[in-house]
Amino acid sequence: MDPELNRYILMNEAKGLVPGYPQSMLDILGKCNIAAVHGSTHKQMRGALLALISPTMIREQLLPKIDDFMRKFLGNWDNQVIDIQDKTKEMAFLSSIKQIATAESSAVAQEFMPEFFKLVLGTLSLPIDLPGTNYRRGFQARKNILRILGKLIRERRESGESHKDMLGYLMRKDDSNRYKLSDDEIIDQIITILYSGYETVSTTSMMALKYLHDHPRVLEELRQEHMAIRERKRPEDPIEWGDLKAMKFTRAVIFETSRLATIVNGVLRKTTEEMELNGFVVPKGWRIYVYTREINYDPFLYPDPLAFNPWRWMDKGLESQSYFLVFGGGTRQCPGKELGIAEVSTFLHYFLTRYRWEEVGGEKLMKFPRVEAPNGLHIRVSSY
């Protein structure tokens with residue numbers, strides 16, 4: 001499918017091309033989930049989400065929490081063989097929980113995490129409600145998560161304390177919060193934040209380490225960038241906004257990892273009326289799958305497309321070109337793009353400045369329907 005048509009499909013929700021996600025995803029993520037709504041409701045939910053993850057919020061509230069979490073999470077990996085796939089999944093989930101409910105994150109995480117992993121599996125399953133199916137497990141996990149989050153909201157409301165985290169902001173009823181959401185909307189918003197950031201952050205982190213391991217020249221340049229930042233600081237000093245902005249090659253590595261691995265394979269849209277696309281009549285109610293991997297491997301857009309070449313992104317024009325769909329497009333472009341980049345960048349900073357690693361076992365990678373290592377991706381870690 002040509003890039004121009006892909007872009008048209010993603011950019012024209014108002015012309016009858018609305019999100020067409022699978023029923024299992026809509027059932028499990030909730031009816032107020034940002035992917036399920038459109039029109040004014042989508043504008044309200046997206047506005048509330050953007051207020052939580054704006055550049056100001058990342059700089060002042062979220063980055064200090066991300067830094068504190070990554071520093072501790074990566075504190076004691078020396079002389080261990082670890083499954084980096086499991087570790088990055090755990091990292092992405094726990095980092096998000098700390099940003100959402102900072103004070104309660106440790107207490108909530110143990111009960112929440114296994115339920116969340118079941119929910120994720122359920123979203124890409126056939127919607128068959130029978131015992132033992134991923135759909136049934138995912139739907140039951142949603143009920144358990146509703147109970148956990150509902151209890152947390154009630155306890156906060158009863159205590160009367162204010163909290164400087166995402167949940168605290170969503171619960172505010174004063175003028176500092178333009179978007180007043182119901183409790184059901186708040187819970188679906190939290191599930192959205194967890195779900196949308198979890199797989200992209202964890203898989204991008206894992207695949208970045210995979211590509212860096214296989215490309216020593218890229219690893220050397222990236223490590224130099226992070227060592228230069230670390231040399232300007234005392235050991236206890238955190239990563240700050242200015243440091244993040246200075247990580248230009250890191251950003252290029254993240255973009256190239258996202259492009260080559262194609263963390264998000266594609267995007268579904270549904271027609272609300274019969275329409276003609278490139279000479280083909282598409283009936284009302286049909287779903288269209290925009291396969292982004294094909295765009296990411298287009299040699300006209302990305303010369304030598306199968307090569308891992310982060311330097312191609314050092315030209316800022318590539319990031320702003322019309323067919324750059326790594327993070328979606330139109331009004332549905334990923335609102336958490338910069339937050340996700342901040343998380344992966346901080347993870348890479350502490351990993352690369354503390355450790356070296358080698359792969360153990362040479363496990364296979366799958367790239368469809370999701371990017372994963374079916375038997376894990378094991379690495380032996382030693383101090384740098």
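Heavy-atom basis, side chains included; hydrogens, waters and symmetry copies ignored. Position 1 is the first residue of the sequence; numbering continues from there.
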Has Thr192 got a side-chain atom pairing as donor or acceptor with Asn33's backbone, closer than 3.5 angstrom?
no
Taken to the nearest 0.5 Å, the spacing of Asn6 CG from Glu294 CD works out to 7.5 Å
salt_bridge(Arg142, Asp188) N-O dist < 4.0 Å:
yes
Supply the atom-to-atom distance Asp214 CG to Leu219 CG, rounded to the nearest 0.5 angstrom.
10.5 Å
Is any NZ, NE, NH1 or NH2 atom of the basic residue among Glu111 and Arg147 found under 4.0 Å from an Asp or Glu carboxylate oxygen of the other?
yes
Is Glu220 salt-bridged to Arg223, going by a charged N under 4.0 Å from an acidic O?
no
Walk me through it: do Met207 and Leu260 pass the test side chain to side chain contact (heavy atoms under 4.5 Å, CB included)?
CA-CA 9 Å; Met207 291 305 296; Leu260 189 58; over 6 Å; no
Strictly below 4.0 Å, N to O, side chains only: are Asp67 and Lys72 in salt-bridge contact?
no
Please check: side-chain N/O of Glu13 versus main-chain N/O of Val18, any donor-acceptor pairing under 3.5 Å?
no
How about NZ on Lys65, more than 12 heavy atoms from neighbouring residues, nucleotides or ligands closer than 6.0 Å, or not?
yes
Which heavy atom of Lys173 sits nearest to which heavy atom of Leu181, and what is that distance?
NZ-O, 3.4 Å
State plainly whether one hydrophobic cluster holds both Phe255 and Tyr297, where clusters connect Ile, Leu, Val, Met, Phe, Trp and Tyr through side-chain heavy atoms under 4.5 angstrom apart.
yes
Measure the shortest side-chain to side-chain distance between Ser24 and Leu124 over non-hydrogen atoms and say whether it is less than 4.5 angstrom.
no
Locate the shortest heavy-atom distance separating Ala252 from Pro310; write the atom from each residue and the value.
CB-O, 3.3 Å
Nearest 0.5 Å please: distance from the CD1 atom of Ile28 over to the OG atom of Ser125.
5.0 Å
Can you pull the side chain to side chain donor-acceptor pair (under 3.5 Å) pairs that have at least one residue in residues 373-384, sequence neighbours excluded?
Glu358-Arg380, Glu363-His378
In terms of ring plane angle, is the pair Trp77 and Phe351 parallel, tilted or perpendicular, where the classes change at 30° and 60°?
perpendicular
Any donor-acceptor pair under 3.5 Å from Tyr355 side chain to Leu74 backbone:
yes
Would Lys87 count as a cation-pi partner of Phe73, with NZ or CZ less than 6.0 Å from the six-membered ring centre and within 45° of the ring normal?
yes
Taking the basic N atoms (NZ, or NE/NH1/NH2) and the acidic carboxylate oxygens, is any pair closer than 4.0 Å for Asp304 and Arg312?
no
Will you find, in the side chains of Glu343 and Gln99, an N or O donor that is under 3.5 Å from an N or O acceptor?
yes
Exam field: side chain Thr88 to backbone Ile84, donor-acceptor pair closer than 3.5 Å:
yes
Charged N to carboxylate O below 4.0 Å: is that the case for Asp237 and Arg232?
no
Tell me whether the guanidinium CZ or amine NZ of Arg71 lies under 6.0 angstrom from the six-membered ring centre of Tyr350 and within 45° of its axis.
no
Taking atom CD as the centre, does Gln110 end up with more than 12 heavy-atom neighbours from other residues, nucleotides or ligands that are less than 6.0 angstrom away?
no
Is there a path of hydrophobic side-chain contacts, each under 4.5 Å between heavy atoms of I/L/V/M/F/W/Y residues, joining Leu63 to Met57?
no
If you define the side chain from C-beta out and look only at heavy atoms, does anything of Leu277 sit under 4.5 Å from Ile288?
yes
With clusters built from Ile, Leu, Val, Met, Phe, Trp and Tyr whose side-chain heavy atoms come within less than 4.5 Å, directly or transitively, what are the remaining members of the cluster of Leu126, listed by chain and number?
Ile128, Leu130
Are Leu170 and Gln189 side-chain neighbours, meaning at least one heavy-atom pair lies under 4.5 Å?
yes
Can you confirm whether Thr200 sits close enough to Val344 that some side-chain heavy atom of one is under 4.5 Å from a side-chain heavy atom of the other?
no
If you draw the axis of the six-membered ring of Trp286, does the NZ or CZ of Arg269 fall within 45° of it and under 6.0 Å from the ring centre?
no
Within a reach of under 6.0 Å around NZ of Lys364, are more than 12 heavy atoms found that belong to other residues, nucleotides or ligands?
no
Taking 4.0 angstrom as the limit, do Glu372 and Arg370 come out as a salt bridge?
no
Please say yes or no: joined through hydrophobic side-chain contacts below 4.5 Å, possibly via intermediate residues, are Tyr21 and Leu121 part of one cluster?
no
Assign the ring pair Tyr302 / Trp313 to parallel, tilted or perpendicular, where the plane angle (0 to 90°) is split at 30° and 60°.
tilted
Between Ser159 and Arg156 (side chain of the first, backbone of the second, donor and acceptor by atom type, cut-off under 3.5 Å), is there such a pair?
yes
Pairwise side-chain contact, Ile9 with Leu5, heavy-atom cut-off 4.5 Å (strictly under)
yes
To the nearest 0.5 Å, what is the distance between CD1 (Ile187) and CD1 (Ile145)?
10.5 Å
Answer whether the closest heavy-atom distance between the side chains of Arg217 and Trp311 falls below 4.5 Å.
yes
Would one find more than 12 heavy atoms of other residues, nucleotides or ligands at under 6.0 Å from atom NZ of Lys233?
yes
Charged N to carboxylate O below 4.0 Å: is that the case for Asp78 and Arg356?
no
Does the Arg251 side chain pair with the main chain of Ala246, one donor and one acceptor, at a distance under 3.5 Å?
no
Pairing donors with acceptors under 3.5 angstrom, does anything connect the side chains of Lys367 and Thr262?
no
In terms of hydrophobic clustering (I, L, V, M, F, W, Y; side-chain heavy atoms under 4.5 Å; direct or indirect links), are Met314 and Tyr211 co-clustered?
yes
When you measure from the side chain of Arg230 to the backbone of Thr353, do you find a donor-acceptor pair of N or O atoms at a distance under 3.5 Å?
no
Any donor-acceptor pair under 3.5 Å linking the side chain of Ser96 with the backbone of Ile193?
no
How about Asn296 and Arg293: does a side-chain donor come under 3.5 Å of a side-chain acceptor?
no
Does the distance from a Lys or Arg side-chain N to an Asp or Glu carboxylate O, for Lys210 and Glu359, drop under 4.0 Å?
yes
What's the separation between atom CZ in Phe347 and atom OG in Ser202, rounded to the nearest 0.5 Å?
10.0 Å
Taking Glu155 first and then Lys151, would you say they form a salt bridge - that is, a charged N and a carboxylate O separated by under 4.0 Å?
yes
Validation row: Val381, Ile379 side chains within 4.5 angstrom (heavy atoms):
yes
Point-to-point distance, once rounded to the nearest 0.5 Å, from CG of Leu50 to CE of Met45
12.0 Å
Taking Glu256 for its side chain and Asn309 for its backbone only, find out whether a donor-acceptor pair lies under 3.5 Å.
yes
Does Leu365 belong to the same Ile/Leu/Val/Met/Phe/Trp/Tyr cluster as Leu306, with side-chain heavy atoms less than 4.5 Å apart forming each link?
yes
So do Ile186 and Met171 actually touch side chain to side chain, heavy atoms under 4.5 Å?
yes
Is a side-chain N or O of Asp165 found less than 3.5 angstrom from the main chain of Thr102, in a donor-acceptor match?
yes
Might you work through the side chain to side chain contact (heavy atoms under 4.5 Å, CB included) test for Leu244 and Ser345, ending with a clear yes or no?
CA-CA 7 Å; Leu244 203 59; Ser345 299; 3.8 Å; yes
Have Tyr289 and Asn265 got a donor and an acceptor in their side chains that come within less than 3.5 Å?
no
Taking the six-membered ring for Trp and the full ring for Phe, Tyr or His, determine whether the centres of Phe93 and Phe112 are under 6.0 Å apart.
yes
Just say parallel, tilted or perpendicular for the rings of His213 and Trp357, cut-offs at 30° and 60°.
tilted
ring-ring contact (aromatic ring centres under 6.0 Å, His included) partners of residues 216-247, not counting sequence neighbours, each pair once
His226-His349
